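To keep things clear, I will list the structure first and then write my remarks on it.
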Amino acid sequence: MTKRPTWFVVVAVLAVLWNLFGLWSFYYHFTATPEVVATWPEVQQRIAEVTPSWIFVPFAIATVGGTLGSLGLLLGRRWATPVLLLSLLAIIVQFGAYYLLTPTWALTGMTGAALPLCIAVVGLLLWLLAGKAAARGWLR
């Protein structure tokens with residue numbers, strides 16, 4: 001394995017932290033009781049009311065996969081690449097479902113799409129980084 005540059009290790013650490021926040025978000029939303037949902041802004045409450053429960057499956061795959069894939073990058077493991085691809089695909093399914101099956105776009109517009117787009121871009125960049133790292137011999 002070729003020595004990984006310092007910037008790569010820093011990015012991998014930041015990716016782990018980013019994805020740990022995603023895991024926290026998954027846990028928070030998955031375990032949210034009606035009392036917790038009642039404390040959310042009205043727009044989020046309306047979206048939560050009509051969100052199909054199966055959306056938590058790609059949400060879980062995206063967050064767990066992102067975290068494991070980022071750990072794989074940090075540890076220099078080649079399996080990080082397919083795991084991060086799986087995470088990216090789950091992100092696309094999750095947010096695609098939110099926008100196709102709920103009134104998210106009508107209620108939030110472009111400002112509501114900013115975070116999902118950011119999450120998707122980070123997922124894409126991490127997957128591309130893993131592929132580049134594997135090609136350069138930084139992953140074993």
Side-chain angles (χ1 to χ4, degrees):
M1 183 168 97
T2 305
K3 183 173 173 16
R4 297 175 294 162
T6 303
W7 68 263
F8 179 84
V9 176
V10 170
V11 169
V13 168
L14 292 173
V16 170
L17 294 173
W18 167 267
N19 280 289
L20 285 173
F21 180 76
L23 275 178
W24 172 84
S25 179
F26 169 76
Y27 175 78
Y28 176 76
H29 287 90
F30 186 71
T31 62
T33 63
E35 293 78 26
V36 169
V37 174
T39 67
W40 296 352
E42 184 180 336
V43 168
Q44 288 180 326
Q45 290 180 44
R46 290 182 57 199
I47 293 168
E49 285 174 7
V50 296
T51 299
S53 59
W54 65 261
I55 285 182
F56 284 105
V57 173
F59 194 176
I61 293 168
T63 56
V64 171
T67 303
L68 290 176
S70 296
L71 282 171
L73 286 178
L74 186 59
L75 298 172
R77 302 292 187 224
R78 187 174 289 275
W79 51 258
T81 305
V83 172
L84 287 168
L85 176 59
L86 179 63
S87 174
L88 174 60
L89 295 174
I91 290 167
I92 293 167
V93 170
Q94 174 196 356
F95 288 120
Y98 271 118
Y99 281 91
L100 291 173
L101 303 175
T102 72
T104 301
W105 183 258
L107 294 172
T108 65
M110 193 59 188
T111 57
L115 183 59
L117 284 173
C118 180
I119 291 168
V121 167
V122 169
L124 173 63
L125 292 174
L126 287 176
W127 173 62
L128 292 172
L129 177 63
K132 180 172 259 184
R136 291 188 175 180
W138 300 345
L139 307 178
R140 55 183 145 84

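Computed from heavy atoms alone, side chains included, the values below leave out hydrogens, waters and symmetry copies. These numbers were taken from a predicted model, which means no experiment stands behind them.
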Aromatic rings Tyr28 and Trp40: how do their planes relate, parallel, tilted or perpendicular, breaks at 30° and 60°? tilted
What one should report as the nearest heavy-atom pair of Arg46 and Leu107 is NH1-CD2, 3.3 Å
Residue from Val64, Val57, Thr63 passing side chain to side chain contact (heavy atoms under 4.5 Å, CB included) with Ile61: Val57
Side-chain heavy atoms of Ile91 within contact of Ser87, under 4.5 Å: yes
Report the distance from atom CG of Leu89 to atom CG of Leu84, rounding to the nearest 0.5 Å. 11.0 Å
Rounding to 0.5 Å, atoms CG (Leu129) and CG (Leu124) come to a distance of 11.0 Å
Looking only at heavy atoms, what is the nearest atom pair of Ala97 and Ile55, with distance? CB-CD1, 3.7 Å
Tell me whether the count of non-hydrogen atoms from other residues, nucleotides or ligands lying under 6.0 Å of CZ in Arg4 goes above 12. yes
State the CG-CG distance between Leu128 and Leu85, to the nearest 0.5 angstrom. 10.0 Å
Please examine the side chains of Pro58 and Phe95, heavy atoms only from C-beta on, and report whether any two atoms are closer than 4.5 Å. no
The reported gap from NZ in Lys132 to CG in Leu139 (rounded to nearest 0.5 angstrom) is 13.0 Å
Can you find a heavy atom in the side chain of Trp138 that is under 4.5 Å from one in the side chain of Leu73? no
Hydrophobic side-chain clustering at under 4.5 Å (ILVMFWY, transitive links): who's grouped with Phe30? Put none if nobody. Phe26, Phe56, Phe59
Of all heavy-atom pairs between Trp54 and Val93, which one has the smallest distance, and what is that distance? CZ3-CG1, 4.5 Å
In terms of hydrophobic clusters joined by side-chain contacts under 4.5 Å, are Leu86 and Leu71 together? no
Taken in chain and number order and not counting sequence neighbours, the residues that satisfy side chain to side chain donor-acceptor pair (under 3.5 Å) with Ser25 are His29
Just how far is it from atom CD1 of Ile47 to atom CD of Glu42, taken to the nearest 0.5 Å? 11.0 Å
Quick check on the hydrophobic clustering: are Trp127 and Val13 connected, directly or via other members, by side-chain heavy-atom contacts under 4.5 Å? no
Taking the six-membered ring where the residue is Trp, are the ring centres of Phe21 and Trp18 under 6.0 Å apart? no
Check Val50 against Pro103 and note the closest heavy-atom contact, atom names and distance. CG2-CD, 3.4 Å
Does any non-hydrogen side-chain atom of Thr33 lie less than 4.5 Å from one of Val36? yes
Val10, Leu75: one ILVMFWY side-chain cluster at the under-4.5 Å cut-off? no
Pairwise distance CG(Leu88) to CD1(Ile119) - rounded to 0.5 angstrom: 12.0 Å
Hey, any chance Leu23 and Leu17 share a hydrophobic cluster, counting ILVMFWY side chains that come within less than 4.5 Å of each other, even indirectly? yes
Under a 4.5 Å side-chain heavy-atom rule over Ile, Leu, Val, Met, Phe, Trp and Tyr, are Tyr27 and Leu68 clustered together? no
Shortest non-hydrogen separation from Gly69 to Ala80 and the atoms involved: O-CB, 3.4 Å
Remaining members of the apolar cluster that contains Leu125, side-chain heavy atoms under 4.5 Å: Val121
Which heavy-atom pair separates Gln45 from Ala38 by the least distance, and what is that distance? NE2-O, 3.2 Å
